[in-house]
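Heads up: the structure comes next, in structure tokens.
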Amino acid sequence: METSPERYVETFMAQLIARNPNEPEFHQAVREVAESLAPHIAASPVLQRMKILERIAEPERVVIFRVPWLNDRGEIEVNRGYRVQMNSAIGPYKGGIRFHASVNLSILKFLAFEQTFKNSLTTLPMGGGKGGSDFNPKGRSDNEVMKFCQSFMTELQRHIGQDTDVPAGDIGVGGREIGYLFGQYKRLRNEFTGTLTGKGRDWGGSPLRPEATGYGVCYFAEEMLAARGDKLAGKTVCISGSGNVAQYACEKATQLGAKVVTLSDSSGFVHDPEGIDAAKLEYVMELKNVFRGRIKEYADRYPQATYHPGERPWNVPCDVAMPCATQNELDGDNAQALVDHGCMCVVEGANMPSTPEAIRIFQQHKLLYAPGKAANAGGVATSGLEMCQNSMRLTWTPEEVDAKLHGIMRNIHAVCVQYGTQPDGYVNYVVGANIGGFMKVANAMLAQGCV
Ligand code: GLU
């Protein structure tokens, strides 16, 4: 390489930004990976000549479509649907579907890009993809959600398939939505295949898929702490979010002996200094999953807890932070507050929840810090296990799936340590995950030629 790794990153990013204007989340995700890989690419003429990074940052295909549907008042509503098919070098496109008012191309491209590396880290044969819609399911009836899902799938079905692209859930898409999406897929295609993951247990879903992301985050945290001779037991944990990932991170952290003191939603957070134990978590699960209520209600139910409207939980003193809500939910000031209060470990359950400034602060202070693409990979890994069971037309026991999930998280941790250990012994998990995830995809792309 003629220029320094720093110059390479700047030139590469300038071109990427010019080609993809107004996509700040996508730029952020790509920059982080480019910075990690630059020294590696600088040392490899073949990666440069074959334009591997340039190709990885260009989706193989993007589908954008109209989603018209009838609401309960009989009116037509129009949303926009997307599927970003990012990379199929190591397997069919694989990644979730997000329904949220904020969904746009930038967010889905960042998620699909991250997914490519995350899926590679799982060691399972899955490429990277992501999809979704700006449809906001909040306040919608079951009937409206079903109507929307059916219209969304009516178009999406022609672009996916068990050997092509296998969607799953993400923010705003859980068991209910996967059911409606799968029903419509099956009806239109006249086939019962494992084209979606996160299905119900009685109709092709894997045991432990709902639990997998949150459990995996805790297994990863245990590995990080063990490397410093420590463990989760006895730790105070702050969790953001109160959806699927947050709920099962809370459950597993508590089972492992930690005390979880916060949960949040987009309106604020609750702080329960006595800990959110199994019984209280059961209440939260019913509140969020059945009644689709707000986390504020937790503080009405448990008076020792306080509700903090419009705030995030990062000012609450803790040993371990698990951001499990959404991208860029933890900024530089939040990171500094965590450091000041003695936090030692940050494990991301969400995708890219920490801003670049927050990551700099964690790493400057030598915190154990794991990016989402490593720490939250347990979800998609278990989706990969669901695909495997569907192909075999068999179901494993929860114990079997848990053992495989645990093994995968341990292995991802080992890969991060292998590629991310710095000369002073500090493990840079960002570099470790980016290089570890990249290698397999890059080698596959080199083998498959200019496609
Ligand atoms: N949406 C999840 C993720 O960010 C899961 C994707 C999947 O299971 O395919 O990894």
Side-chain angles (χ1 to χ4, degrees), residues 25 29 82-88 90-100 103 107-133 156 160-162 164-175 177-178 181-182 194-200 204-217 220 241 243-249 323-327 329 347-353 370-390 401 404-405 408-409 412 433 437:
E25 293 85 2
Y82 304 82
R83 187 71 183 166
V84 178
Q85 299 182 329
M86 201 72 189
N87 194 295
S88 63
I90 62 170
Y93 309 109
K94 180 83 194 86
I97 291 176
R98 176 175 293 192
F99 290 163
H100 193 268
V103 162
I107 289 180
L108 294 180
K109 280 171 71 180
F110 117 65
L111 289 164
F113 182 79
E114 291 278 294
Q115 198 82 45
T116 301
F117 297 85
K118 183 191 324 197
N119 293 3
S120 166
L121 282 168
T122 67
T123 71
L124 301 172
M126 300 182 289
K130 205 87 185 192
S133 174
L156 186 68
I160 62 175
Q162 60 174 346
T164 311
D165 184 353
V166 183
D170 195 81
I171 292 172
V173 177
E177 290 75 16
I178 292 293
L181 291 165
F182 183 78
T195 300
L196 289 147
T197 60
K199 300 182 290 297
S206 175
L208 244 60
R209 177 61 189 90
E211 293 87 344
T213 313
Y215 280 18
V217 167
F220 201 90
N244 167 266
V245 181
Q247 290 171 17
Y248 287 105
C324 297
T326 193
Q327 67 272 359
E329 56 159 313
V347 204
E348 294 185 344
N351 291 314
M352 207 171 74
K373 66 171 79 77
N376 74 33
V380 73
T382 307
S383 279
L385 300 177
E386 182 168 323
M387 290 166 72
C388 191
Q389 293 168 81
N390 291 163
V401 176
K404 289 185 203 298
L405 169 65
I408 289 169
M409 297 315 294
I412 296 174

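The structure presented is a predicted model; accordingly, all values stated were derived computationally and were not measured. Remember, it's 1-based here, ligands and their atoms both numbered in the order they're listed. All residue numbers refer to positions in the sequence shown, counting from 1.
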- Note on the structure: Closest to atom 4 (O) of ligand 1 by heavy-atom distance, out of K94, M126, K118, is K118
- Message: On a heavy-atom basis, which atom in G198 and which in I178 lie closest, and how many Å separate them?
- Response: O-CG2, 3.6 Å
- Note on the structure: atom 8 (O) of ligand 1 sits nearest the protein heavy atom S383 OG, 2.6 Å
- Task: State which residue, out of N119, I408, V380, fulfils the side-chain contact (heavy atoms from CB on, under 4.5 Å) condition with L124.
- Result: I408
- Query: What is the minimum heavy-atom distance between Q115 and K130, and which atoms define it?
  - Reply: OE1-NZ, 3.0 Å
- Task: Tell me which part of N351 gets within contact of ligand 1: side chain, backbone, both or neither, using heavy atoms under 4.0 Å.
- Result: side chain
- Item | Contact check: N376 vs ligand 1, nitrogen or oxygen atoms, below 3.5 angstrom | no
- How far is atom 6 (C) of ligand 1 from its nearest protein heavy atom, and which residue and atom is that? G96 N, 3.6 Å
- Item | Separation of E114 CD from M86 CE (nearest 0.5 Å) | 10.5 Å
- Counting heavy atoms only, name the option from A381, A168, G95, G169 that's nearest to atom 2 (C) of ligand 1. G169
- Task: Please identify which atoms of ligand 1 are closer than 4.0 Å to at least one heavy atom of K130.
- Result: 1 (N), 3 (C), 4 (O)
- Item | Exercise: identify the closest heavy-atom pair between A112 and V84 | CB-CG1, 3.7 Å
- Message: Heavy atoms only, cut-off 4.0 Å: how does M387 contact ligand 1, side chain, backbone, both, or neither?
- Response: neither
- Shortest non-hydrogen contact from Y248 toward P210: CD1-O, 3.3 Å
- Task: Locate the shortest heavy-atom distance separating A212 from G378; write the atom from each residue and the value.
- Result: CB-O, 3.5 Å
- Message: Taking 4.0 Å as the limit for heavy-atom contacts, which would you say applies to R209 with ligand 1: side chain only, backbone only, both, or neither?
- Response: side chain
- Which atoms from ligand 1 have a heavy atom of Q115 less than 4.0 Å away? 3 (C), 4 (O), 6 (C), 10 (O)
